Amino acid sequence: MTSSFRYQQLENQLLDAINSQRLRNGERLPSVRSLCQQHQVSKATVLHALQRLEAQGLIEARPRSGFYVTQRLPALNTPQATALQLSPGPVTIPDLLLDIMQRGAAFDLVSADARLTDTTTGVVTLNRSISRALRRARGDSAQYYDEPAGLAALREQIALRLAQRGYAASAADLCITVGCQNALFLALMASCEAGDAVAVESPGFYGALQLLQQLNLKVVEIPSSALSGMDMDALADALSRWPIKACIVSPAYSTPAGALMPAAARQRLMALAAQYDLAIIEDDIYADTAFTRIPDPLKAEDPDGRVILCSSFSKTLSRDLRLGWIAGGRWHERIVQLKLVTQLASGRALQQGVADYLADGSYSSHLRRQHYRLRQQRDQLMEQLQRWPVAVNLSQPQGGLTLWAELPANTDTHALYSTALAQGIVITPGPLFSASGHYRHCLRFSFAHEWTAARQQALTTLGELLAAAGAKP
């Protein structure tokens with residue numbers, strides 16, 4: 001039956017052209033004006049149809065160029081989830097992580113002293129907004145601390161963005177933090193006590209493991225799929241066996257694999273939280289990097305205040321911008337008190353600059369450019385890894401900054417670290433993403449940076465080192 005809506009008719013016609021390959025991978029679609037004339041519809045109708053195709057990942061908008069059919073990579077073997085021992089245990093983070101951080105290479109293959117300046121940071125407008133705010137910060141107001149929860153103007157802008165993602169937050173629900181790591185720290189301090197057990201994704205974010213170690217909390221590793229994230233059956237089993245107080249989870253493009261949790265798993269997680277009175281600490285830091293539609297946070301499905309939403313701008317704007325936020329739900333007042341004790345207040349001028357940057361639409365424009373760039377850099381990384389002389393299974397994230405590479409079982413990436421470092425290459429071995437030393441045959445790769453000749457050569461050399469070490473093809 002023919003659709004009664006013109007935008008659906010146009011969407012179906014374009015979809016048929018893509019599926020029949022009349023519009024091929026990477027090909028530019030006719031301009032909006034041409035589509036209006038060809039189909040005798042309004043600009044709004046055309047844009048609505050294009051946005052629906054973009055949300056399905058079938059086309060992509062390129063800044064100042066138009067819409068293109070999305071390049072679809074060939075089917076890949078995906079890394080498999082690992083069976084894990086679920087009993088709670090202490091956390092010990094290897095010294096190797098400190099070495100990587102000191103080299104400034106947590107998201108790079110080359111150390112800071114060997115790095116050329118990238119041309120894709122795209123934060124010039126942000127710097128101008130911050131500079132204007134600093135110039136305005138004079139007089140008596142510069143001599144006073146901001147309120148502990150943070151600048152109201154910034155919290156209002158963040159609340160507006162969250163409302164667009166289905167979470168009807170108000171400025172009063174939010175507290176500004178020194179980045180997402182600080183937000184996670186406050187969330188754990190507010191919801192847990194020393195000795196409590198906390199469930200985490202495995203492989204999962206090593207920064208969360210650091211916090212558990214620092215706070216003397218026990219960890220329960222829950223297997224995580226490179227496609228769909230945390231295994232809800234394994235979580236349910238762990239909850240039935242152990243008194244787990246909280247669960248740290250990244251539903252949107254979690255590191256290291258970039259998984260996106262499906263709707264059914266999200267619903268079950270919320271049901272388990274209600275059944276076991278579980279605090280859900282949502283690390284939402286990668287959501288804004290989505291290549292197409294930015295997913296709603298779990299917090300949007302949280303009528304009981306069980307979810308503590310944590311995020312920041314460090315993965316979308318700049319790692320130097322240590323500015324994040326937390327929506328603490330039932331723990332909100334405790335979190336604000338903890339921030340007052342541990343930090344006192346946040347810098348007012350920096351907050352005002354970012355608030356202005358959000359308010360004038362610059363952040364949204366930046367994200368559109370960044371999404372296209374990140375997709376390109378992910379594709380370039382995957383293409384080069386598939387040319388390696390050793391077998392490699394790869395995750396294929398639709399957002400985030402990283403992917404997960406599973407190498408032959410006899411590979412020891414921890415032992416490879418020193419060999420690669422001698423060649424000027426800094427790798428991030430798999431065991432860093434587990435409290436129990438799993439994933440020695442895995443590596444995390446980042447596509448946060450443009451693939452300069454130096455980075456491409458580092459990838460090629462790393463593949464040769466793996467082959468020389470005896471990794472089976």
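It should be emphasised that the depicted structure is a prediction, and the values quoted were computed from it without experimental measurement.
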field: Gln370 (side chain) donor-acceptor with Thr316 (main chain) under 3.5 angstrom
entry: yes
Gln386 side chain vs Met382 backbone, donor-acceptor pair below 3.5 Å: yes
- prompt: Should we say atom CD of Glu193 is surrounded by more than 12 heavy atoms from elsewhere, each under 6.0 Å from it?
  reply: no
message: As an exercise, state the distance from CD1 of Ile244 to CG of Leu235, rounded to the nearest 0.5 Å.
response: 6.5 Å
query: Can you tell me if Ser225 uses its side chain to pair, donor with acceptor, with the backbone of Leu227 under 3.5 Å?
result: yes
statement: Heavy-atom closest pair (Gln380 atom, Trp451 atom, distance to 0.1 Å) is OE1-CD1, 3.2 Å
field: Side chain proximity check, Ser250 to Phe205, heavy atoms < 4.5 angstrom
entry: no
- prompt: Is it true that Asp284 and Lys315 make a salt bridge, defined as a side-chain N closer than 4.0 Å to a carboxylate O?
  reply: no
- prompt: If you take all heavy atoms of Phe447 and Pro397, which pair is closest and at what distance?
  reply: CE2-CG, 3.9 Å
query: Taking the side chain as C-beta and beyond, is there a heavy-atom pair between Arg455 and Asp108 under 4.5 Å?
result: yes
query: Between the main-chain N or O of Gly400 and the side-chain N or O of Thr289, is there a donor-acceptor pair closer than 3.5 Å?
result: yes
Test side-chain hydrogen bond (donor to acceptor under 3.5 Å, both in side chains) applied to Ser364 and Arg161, step by step: CA-CA 10 Å; Ser364 296; Arg161 289 197 61 83; 3.3 Å; yes
- prompt: What's the verdict on side-chain hydrogen bond (donor to acceptor under 3.5 Å, both in side chains) for Ser434 and Glu221, showing C-alpha distance, side-chain angles and the deciding distance?
  reply: CA-CA 8 Å; Ser434 166; Glu221 292 189 75; 2.9 Å; yes
Residue pair Leu432 / Tyr206: nearest heavy atoms and the distance that separates them: O-CB, 3.2 Å
- request: Write down the atom of Gly329, the atom of Lys299, and the distance for their closest heavy-atom approach.
  value: CA-NZ, 3.5 Å
- prompt: Between His371 (side chain) and Gly399 (backbone), is there a donor-acceptor pair under 3.5 Å?
  reply: no
- prompt: Nearest heavy-atom pair of Thr411 and Leu407: which atoms, and what distance?
  reply: OG1-CB, 3.7 Å
query: How far apart are the C-alpha atoms of Val46 and Phe67, what are their side-chain angles, what is the distance that settles it, and do they pass the side-chain contact (heavy atoms from CB on, under 4.5 Å) test?
result: CA-CA 12 Å; Val46 170; Phe67 287 87; over 6 Å; no
Set of side chain to side chain contact (heavy atoms under 4.5 Å, CB included) partners for Ala169, sequence neighbours left out: Ala159, Leu162, Tyr167, Asp173
message: For a 4.5 angstrom cut-off between non-hydrogen side-chain atoms, does His48 reach Gln8?
response: no
- prompt: Val249 and Leu298: side-chain contact (heavy atoms from CB on, under 4.5 Å), yes or no, with the steps?
  reply: CA-CA 10 Å; Val249 64; Leu298 273 178; 4.1 Å; yes
task: Quick one: pull up CD1 in Ile335 and OG1 in Thr342 and give me the separation to the nearest 0.5 Å.
output: 11.0 Å
message: Looking only at side-chain N and O atoms, does Gln376 offer a donor or acceptor that is under 3.5 Å from a partner on Tyr372?
response: yes
query: Within the distance-only criterion (no hydrogens, no angle test), does the side chain of Gln384 pair as donor or acceptor with the backbone N or O of Gln456 below 3.5 angstrom?
result: yes
- prompt: Taking the side chain as C-beta and beyond, is there a heavy-atom pair between Leu50 and Leu14 under 4.5 Å?
  reply: yes
query: Do Thr402 side-chain atoms and Pro256 backbone N/O form a donor-acceptor pair below 3.5 Å?
result: yes
message: Using the salt bridge (charged side-chain N to carboxylate O under 4.0 Å, His left out) criterion, which residues pair with Arg266? Sequence neighbours excluded.
response: Glu301
field: Student check: side-chain heavy atoms of Arg444 and Tyr439 closer than 4.5 Å
entry: no
query: Looking at Ala448 and Leu374, what are the two nearest heavy atoms and their distance?
result: CA-CD2, 4.3 Å
Give every donor-acceptor pair under 3.5 Å between a side-chain atom in residues 274-281 and any protein atom, sequence neighbours left out.
unit_1 : atom_1 : unit_2 : atom_2 : d
Asp277 : OD1    : Arg306 : NH1    : 2.8

task: Say whether, by atom type as modelled, one donor and one acceptor occur between the side chain of Ser224 and the main chain of Ser202 under 3.5 angstrom.
output: no
Close side-chain approach of Arg24 and Val69, heavy atoms under 4.5 Å: no
- prompt: Could you give the distance from CD1 (Ile222) to CD1 (Ile248), rounded to the nearest 0.5 Å?
  reply: 12.0 Å
message: Side chains of Leu394 and Leu381, heavy atoms from C-beta outward: is any pair under 4.5 Å?
response: no
- prompt: Does the pair Tyr363 and Gln157 meet the rule for a side-chain contact (heavy atoms from CB on, under 4.5 Å), with working shown?
  reply: CA-CA 11 Å; Tyr363 183 60; Gln157 287 299 318; over 6 Å; no
field: Other residues, nucleotides, ligands: >12 heavy atoms within 6.0 Å of Gln214 CD
entry: no
task: Kindly compute the distance separating NE2 (His366) from CG (Leu358), expressed to the nearest 0.5 Å.
output: 11.0 Å
- request: Dump the intermediate steps for side-chain contact (heavy atoms from CB on, under 4.5 Å) on Ser311 and Trp325, then the final yes or no.
  value: CA-CA 6 Å; Ser311 192; Trp325 62 91; 3.5 Å; yes
task: Measure from the side-chain N and O atoms of Thr461 to the backbone N and O of Ala458, and report whether any donor-acceptor pair falls under 3.5 Å.
output: no
- prompt: So how far is it from Leu338 CG to Cys175 SG, rounded to the nearest 0.5 Å?
  reply: 9.5 Å
- prompt: So, the side chain of Arg440 versus the backbone of Gly430: is there a donor-acceptor pair under 3.5 Å, distance only?
  reply: no
task: Please round to the nearest 0.5 Å and tell me the distance separating atom CG of Leu443 and atom CG of Leu462.
output: 6.5 Å
message: Within the 4.5 Å heavy-atom criterion, are Arg322 and Ser312 side-chain neighbours or not?
response: no
